[in-house]
Protein chains: 2
Amino acid sequence: MTTEYFREQLKLKGLKVTPQRVAIFEAVANLRNHPTADHIIDYIKNNHPNISVGTVYKVLDSLVENQLLKKVKNEKDVMRYDAILQQHHHLYCSKTDQIEDFVDYELDKIITDYFSKKKIKGFKVKEISLQITGEFNNNSIHTK
Amino acid sequence: MTTEYFREQLKLKGLKVTPQRVAIFEAVANLRNHPTADHIIDYIKNNHPNISVGTVYKVLDSLVENQLLKKVKNEKDVMRYDAILQQHHHLYCSKTDQIEDFVDYELDKIITDYFSKKKIKGFKVKEISLQITGEFNNNSIHTK
DNA sequence: TGCTCAAAGATAATAATTCTCTTTTAGTAA
DNA sequence: TTACTAAAAGAGAATTATTATCTTTGAGCA
């Protein structure tokens with residue numbers, strides 16, 4: 001995914017295209033495994049040694065507001081971020097706190113079908129995501 | 001649910017039965033809608049005006065460790081606690097940040113069946129919970 | 001009834017995030 | 001191309017949730 005793509009996305013949302021925004025957006029997309037603000041800051045410091053922590057938080061918030069990123073949290077630790085590319089679920093490793101994306105259209109269809117038949121009274125469903133907790137049972141590094 | 005029940009539960013886990021532990025455990029069970037540590041402290045201060053914040057956090061941690069409580073988090077705010085241990089899902093209101101339990105055995109069966117057929121490579125599933133985001137479309141207060 | 005270790009209390013420390021205020025800059029229009 | 005302006009970035013203080021440390025208390029048991 002090219003830098004131009006990120007610039008485009010920002011423009012489409014009516015956001016000013018600043019080097020910081022591009023860098024942060026790119027960082028979240030490139031850093032797999034749902035980086036924390038801290039991970040992002042580390043990563044960016046290479047090219048933007050003077051970036052301010054406050055800026056990173058502010059940019060992350062505005063990217064989330066504009067639905068270019070998503071926040072992800074498990075029960076254990078701090079806020080993490082995810083570049084939304086498609087509907088997906090999360091695998092949480094209860095041992096290592098690793099978070100990994102899980103995409104499964106067949107499953108999505110089953111769940112969508114289920115909720116189109118069975119409504120929840122007093123609640124309008126917008127989005128469903130599964131939190132699948134368990135353990136990675138090998139030591140392969142699940143990065144793409 | 002009587003106080004005696006909470007004392008029993010603590011004993012069964014080999015935890016010393018202290019007034020603070022009973023009060024905190026009871027508070028989480030009585031306070032619906034997944035209280036934060038702060039909610040719990042407020043609630044408890046009525047009967048235990050001198051309880052220490054550190055104690056509340058320590059007790060909550062040990063109750064979670066002993067599987068008498070669960071931690072719940074959404075993308076927005078601080079850690080919340082849940083006294084319900086039966087398998088259930090959560091409805092998150094994107095407007096009000098309200099969290100509500102959602103129990104649906106039929107759905108659970110569908111999902112369990114699905115994952116018993118289709119394995120995720122390299123990952124051993126322990127628990128699946130749905131995060132259903134949407135909006136409560138009436139102003140009924142969803143407490144029992 | 002007294003002993004002992006775990007738990008509670010008090011409060012300092014830490015860490016993540018937000019806020020405030022100043023400076024800079026992207027986008028726009030002359 | 002330059003100048004203008006509002007929005008964004010920078011700097012660092014402030015806030016908030018949570019954890020850690022150390023002392024005192026009390027639950028469970030001999």
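The figures here come from the full heavy-atom set of this structure, side chains too, leaving out hydrogens, waters and symmetry mates. Chain letters run A, B, ... following the sequence lines, proteins first, then strands; residues in each count from 1.
Between A/His90 and A/His34, the gap from one ring centroid to the other is short of 6.0 Å.
For B/Lys118, the side chain to side chain contact (heavy atoms under 4.5 Å, CB included) test picks out A/Asp104, A/Glu106, B/Tyr114, with sequence neighbours left out.
Mapping B/Gly14 and A/Asp61 onto DNA chain C via the closest heavy atom, the residue that lands nearer the 5' end is B/Gly14. Take the nearest nucleotide of DNA chain D for B/Val53 and for B/Arg7: the residue whose nucleotide is more 5' is B/Val53. Remark on DNA chain D: of its neighbouring residues B/Val17 and B/Tyr57, the 5'-side contact belongs to B/Tyr57, judged by nearest-heavy-atom nucleotide.
Checking each of B/Ile40, B/Asn30, B/Asp42, B/Ile41 against B/Pro35 for a side chain to side chain contact (heavy atoms under 4.5 Å, CB included) leaves exactly one that passes, namely B/Ile40.
Below 30°, between 30° and 60°, or above 60°: for B/Phe136 and A/Phe123 the angle between ring planes is above 60°, a perpendicular geometry.
For DNA chain D, the outermost nucleotides in 5' to 3' order that have an atom under 4.0 Å from a heavy atom of chain B are D/dA17 to D/dG28. For DNA chain C, the span of nucleotides reached by chain A at under 4.0 Å from its heavy atoms goes, 5' to 3', from C/dA16 to C/dG27.
The number of heavy atoms from other shown groups lying within 6.0 Å of CD (A/Glu4) is above 12. Counting heavy-atom neighbours within 6.0 Å of A/Gln67 CD, excluding the residue itself, gives a total of 12 or less.
Counting any heavy atom pair closer than 4.0 Å across all strands shown, A/Thr55 reaches a base atom. Within the nucleic acid shown, B/Asn50 comes within 4.0 Å of sugar-phosphate atoms alone, with no base atom in reach, counting heavy atoms only.
In terms of modelled atom types and a separation under 3.5 Å, the side chain of A/Lys13 and the main chain of A/Asn66 share a donor-acceptor contact.
Nearest heavy atoms, A/Ala37 versus A/Tyr81: N-CE1, 4.2 Å.
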